[in-house]
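Some notes on the structure that comes next.
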Amino acid sequence: MPNDYITLKALVSEINDFANGGKIDKINMPEKDEICLLIRNRGQNRILTVSCNANNPRIHLDGDKKQNPMTAPSFCMHLRKHLTGAIINEVALLGEDRIVCFDVTAHNEMRDKVKLKLIAEMMGRYSNILLVKENSTISDTLKQVSYDTLTKRCLLAGAKYELPPQNKLLPTNVKEMSTLLSGYNGTDLAKFIISNVSGLALTTARQIVIESGVANDAVSLNEAQINALTNTLLEYCDIVHSPKYSPCALISKDSGGDFFAVKYAEYDNLKSVNSLNEAVVMCTVEKDRTERRQEKTKFLQKAYSSHRKKLLTKLEKDKNKLDECRHTEEMKKLGDLILSNAWAIKKGDKIAKVTDYYNPNCPEIEIKLDERLTPQQNSQAYYKKYAKLKRTYVAVNVQIEKLEQELEYLQSIAPAIELCSTKDEIAELEDELMSLGALKKVRKDKTKTKPSQPIAYEVDEFVILVGKNNLQNDKLTFKVANGGDLWIHTKDAHGSHVIIFAEGREIPDSVIQIGCEIAAFYSLGKKDGGSKIQCDYTPRRNLKRHPSGKLGMVLYSSYKTATVIPNERKEYLSKS
């Protein structure tokens with residue numbers, strides 16, 4: 001992804017067009033490495049997101065609305081103290097590097113005007129957010145670095161802020177660029193440029209080479225080629241004011257997405273968008289949402305997998321025990337045969353040869369004996385084995401049924417782990433896994449979480465709600481829905497309960513079809529059942545709780561089945 005100096009400069013120029021002269025109304029910190037500024041300007045309120053996440057550093061307007069923590073982190077409180085109500089004078093890059101600077105005018109405790117700089121360093125794992133005073137002293141920093149031997153900088157409150165050391169050429173330095181290119185010796189030209197020039201991504205370097213009309217594998221460069229390369233590079237350094245400026249995005253399911261300031265020649269399926277900011281949102285917000293969810297739910301997924309493996313191991317052992325119990329009647333038969341032939345058996349015999357009158361052919365068989373026991377005692381020993389195996393058979397069958405029910409219920413949690421993202425939903429799943437013994441009971445946070453909310457859709461004036469976990473499923477089905485509302489669930493696959501609220505009206509087939517597509521999307525069947533999935537639907541009145549009493553598990557009758565292709569149907573998501 002070309003999140004380099006050239007692309008970032010164009011993006012910052014777009015952000016500055018809105019933010020310049022704007023007022024910072026609110027400051028939130030929904031993630032440990034991300035801040036959100038609510039900026040009011042020209043009658044508009046827009047959220048500016050600045051993330052210094054090592055895997056996905058980004059800055060954009062109008063991104064994802066996230067749930068804020070109950071208690072704001074200390075860095076957030078520091079920013080609120082100094083920047084709430086501040087006016088943004090300018091948003092620009094510092095030092096021709098990937099460092100975004102918000103030059104603001106704020107008020108101190110004495111209501112005197114002060115100049116501050118909110119600096120966002122968008123440099124991969126070295127990304128950081130800092131508040132710097134007018135005298136270049138760091139007021140506070142999100143990631144505190146006492147001293148980094150690689151960057152040779154100290155990023156702590158009270159330290160002097162200095163730009164990262166730069167050992168490469170600046171892209172706008174024409175004279176030195178010409179000297180550098182004249183020394184090119186015939187290797188990969190694009191790689192040669194990024195190795196020696198700061199702030200360029202390899203894809204951008206390749207695009208500059210293509211537009212300059214120079215072969216990437218050229219043996220050497222003449223003066224005309226050097227001039228073409230430097231002029232193209234200079235144009236790209238201010239691409240936002242060039243006629244070539246054409247924001248676009250490349251959306252890929254396999255590799256996420258890329259955003260570009262122009263249509264790069266090496267990609268033929270780029271989608272034009274209205275602004276580079278829009279392209280950044282399209283390519284990074286969903287990626288960030290997925291990565292954050294995976295990070296937050298990693299411990300839940302680990303607990304789920306570990307407990308499932310434990311249950312499957314127990315189940316296998318119990319089934320092996322059950323297999324051993326197939327000899328139950330054999331033990332009784334041997335005891336009977338010993339007893340009926342006791343007259344021919346003596347104490348001290350190790351084997352008894354008897355006629356098996358249980359077999360129509362009456363063959364002669366051998367039975368192992370304990371030479372220390374009398375014939376009657378040997379017979380009783382076999383009867384005891386028979387009684388023990390009989391008891392084991394009953395107990396193991398009960399245990400297997402219990403394990404299968406627990407495993408079935410545990411598997412119903414799998415879709416919920418993939419859907420949960422907020423603190424409330426994670427807390428509910430945590431409680432559910434604790435009740436199953438999959439997670440150890442820990443001391444709960446004193447702050448109570450709010451009940452999480454289901455996913456809401458609105459289709460042709462019909463409200464559709466989708467449960468994201470078993471607690472929501474149970475509440476939706478048995479507390480929220482009325483008897484005439486339509487309940488939908490995937491057939492023979494774990495997934496969300498979907499309710500279409502009828503409100504006394506007849507639900508059209510088209511709405512039922514969409515409801516079934518949504519139910520199929522929020523199910524494990526989407527992964528296991530191929531492209532088409534069967535969904536059962538029935539009025540809520542036909543449902544009963546499962547005898548096990550487990551949340552979200554139901555019994556139903558008099559249903560209909562529809563075969564659909566899973567579809568999230570984002571266009572119908574409720575905006576309220």
Tell me, yes or no, whether the heavy-atom count around Glu223 atom CD, taken from other residues, nucleotides or ligands under 6.0 Å, exceeds 12.
->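 It does not: Glu223 CD has 12 such atoms or fewer within range.
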Between [X] (side chain only) and [Y] (backbone N and O only), is there a donor and an acceptor less than 3.5 Å apart?
| X | Y | answer |
| --- | --- | --- |
| Thr477 | Asn473 | yes |
| Tyr184 | Ala218 | yes |
| Lys475 | Val480 | no |
| His497 | Leu476 | no |
| Ser136 | Val132 | no |
| Ser435 | Glu432 | yes |
| Gln301 | Lys298 | no |
| Asn567 | Ile514 | no |

Does any donor atom in the side chain of [X] or [Y] lie under 3.5 Å from an acceptor atom in the other side chain?
| X | Y | result |
| --- | --- | --- |
| Asn135 | Thr137 | yes |
| Lys143 | Ser127 | no |
| Ser13 | Asn16 | no |
| Asn277 | Glu14 | no |
| Thr230 | Ser178 | no |
| Asn128 | Thr141 | yes |

Determine whether [X] and [Y] make a side-chain contact, defined as any pair of heavy atoms from C-beta on separated by less than 4.5 Å.
| X | Y | value |
| --- | --- | --- |
| Lys113 | His107 | yes |
| Leu163 | Asp97 | no |
| Leu429 | Tyr304 | no |
| Met434 | Leu439 | yes |
| Leu471 | Asp431 | no |
| Leu170 | Tyr5 | no |
| His78 | Leu131 | yes |
| Lys9 | Tyr236 | no |

Supply the atom-to-atom distance [X] [atom1] to [Y] [atom2], rounded to the nearest 0.5 angstrom.
| X | Y | atom1 | atom2 | answer |
| --- | --- | --- | --- | --- |
| Leu233 | Ile239 | CG | CD1 | 10.5 Å |
| Ser275 | His60 | OG | NE2 | 12.0 Å |
| Ile518 | Ser496 | CD1 | OG | 10.5 Å |
| Cys420 | Lys468 | SG | NZ | 8.0 Å |
| Ser212 | Leu221 | OG | CG | 10.0 Å |
| Leu169 | Glu176 | CG | CD | 5.0 Å |

In a check of side-chain contact (heavy atoms from CB on, under 4.5 Å) between Ile35 and each of Leu48, Leu118, Asn28, which one passes?
->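 Of the listed options, the one satisfying the test is Leu118.
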Matching residue for Ile194 among Asp188, Leu200, Thr204 - test: side-chain contact (heavy atoms from CB on, under 4.5 Å) =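 With Ile194 as partner, side-chain contact (heavy atoms from CB on, under 4.5 Å) holds for just one option, Leu200.
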So which of Glu31, Glu291, Glu430 actually passes salt bridge (charged side-chain N to carboxylate O under 4.0 Å, His left out) with Lys296?
->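 It is Glu31, the one option of Glu31, Glu291, Glu430 that forms the salt bridge (charged side-chain N to carboxylate O under 4.0 Å, His left out) with Lys296.
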Return the minimal non-hydrogen interatomic distance between [X] and [Y], and the atom names on each side.
| X | Y | value |
| --- | --- | --- |
| Cys101 | Ile119 | SG-CG1, 4.3 Å |
| Val145 | Leu156 | O-CG, 3.8 Å |
| Pro30 | Gln67 | CB-O, 3.9 Å |
| Leu270 | Cys248 | CD1-SG, 3.8 Å |
| Lys168 | Ser195 | CE-O, 3.5 Å |
| Val91 | Val12 | O-CG1, 3.5 Å |

Before giving the answer on side chain to side chain contact (heavy atoms under 4.5 Å, CB included), spell out for Glu96 and Asn173 the whole-Å C-alpha distance, their side-chain angles and the decisive distance to 0.1 Å.
-> CA-CA 11 Å; Glu96 294 189 32; Asn173 194 326; over 6 Å; no
Provide the full list of salt bridge (Lys or Arg N to Asp or Glu O under 4.0 Å) pairs with a residue in residues 196-207, sequence neighbours left out, each pair given once.
->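 Listed by first then second residue: Arg206-Glu266.
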Yes or no on side chain to side chain contact (heavy atoms under 4.5 Å, CB included) for Ile6 and Ile208, after CA distance, side-chain angles and deciding distance?
-> CA-CA 11 Å; Ile6 287 170; Ile208 289 169; 4.2 Å; yes
Between Arg293 and Glu295, is there a salt bridge with N-O shorter than 4.0 Å?
->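 Arg293 and Glu295: not salt-bridged.
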Side-chain ion pair, Glu211 and Lys244, N-O less than 4.0 Å =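 Judged by the 4.0 Å cut-off on N to carboxylate O distance, Glu211 and Lys244 do form a salt bridge.
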For Tyr267, enumerate each residue passing the ring-ring contact (aromatic ring centres under 6.0 Å, His included) test, keeping only those at least two apart in sequence or located in another chain.
->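 In terms of ring-ring contact (aromatic ring centres under 6.0 Å, His included), with neighbours along the sequence ignored, Tyr267 is linked to Phe260.
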Taking only residues two or more places apart in sequence, or in another chain, which ones meet Phe18 in a ring-ring contact (aromatic ring centres under 6.0 Å, His included)?
->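 With neighbours one apart ignored, the set is empty.
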Report the residues that fulfil salt bridge (charged side-chain N to carboxylate O under 4.0 Å, His left out) with Glu162, sequence neighbours left out, ordered by chain and then residue number.
->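 Partners of Glu162 by the salt bridge (charged side-chain N to carboxylate O under 4.0 Å, His left out) criterion come out as none, since no residue qualifies.
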Test side chain to side chain contact (heavy atoms under 4.5 Å, CB included) applied to Leu11 and Leu8, step by step = CA-CA 5 Å; Leu11 175 62; Leu8 194 57; 4.2 Å; yes
Decide yes or no on side chain to side chain contact (heavy atoms under 4.5 Å, CB included) for Ser452 and Asn469, but give the supporting numbers first.
-> CA-CA 9 Å; Ser452 62; Asn469 55 47; 3.9 Å; yes
Among all residues two or more places apart in sequence or in another chain, which pass the side-chain hydrogen bond (donor to acceptor under 3.5 Å, both in side chains) test with Asp288?
->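 In terms of side-chain hydrogen bond (donor to acceptor under 3.5 Å, both in side chains), with neighbours along the sequence ignored, Asp288 is linked to Arg58, Lys66, Arg292.
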Sequence neighbours left out, cut at 3.5 Å: what donor-acceptor pairs do the side chains of residues 83-90 make with other protein atoms?
from: Thr84; atom 1: OG1; to: Arg80; atom 2: O; distance (Å): 2.7
from: Asn89; atom 1: OD1; to: Thr105; atom 2: OG1; distance (Å): 3.4
from: Asn89; atom 1: ND2; to: Asp103; atom 2: OD1; distance (Å): 3.0
from: Asn89; atom 1: ND2; to: Thr105; atom 2: OG1; distance (Å): 2.8

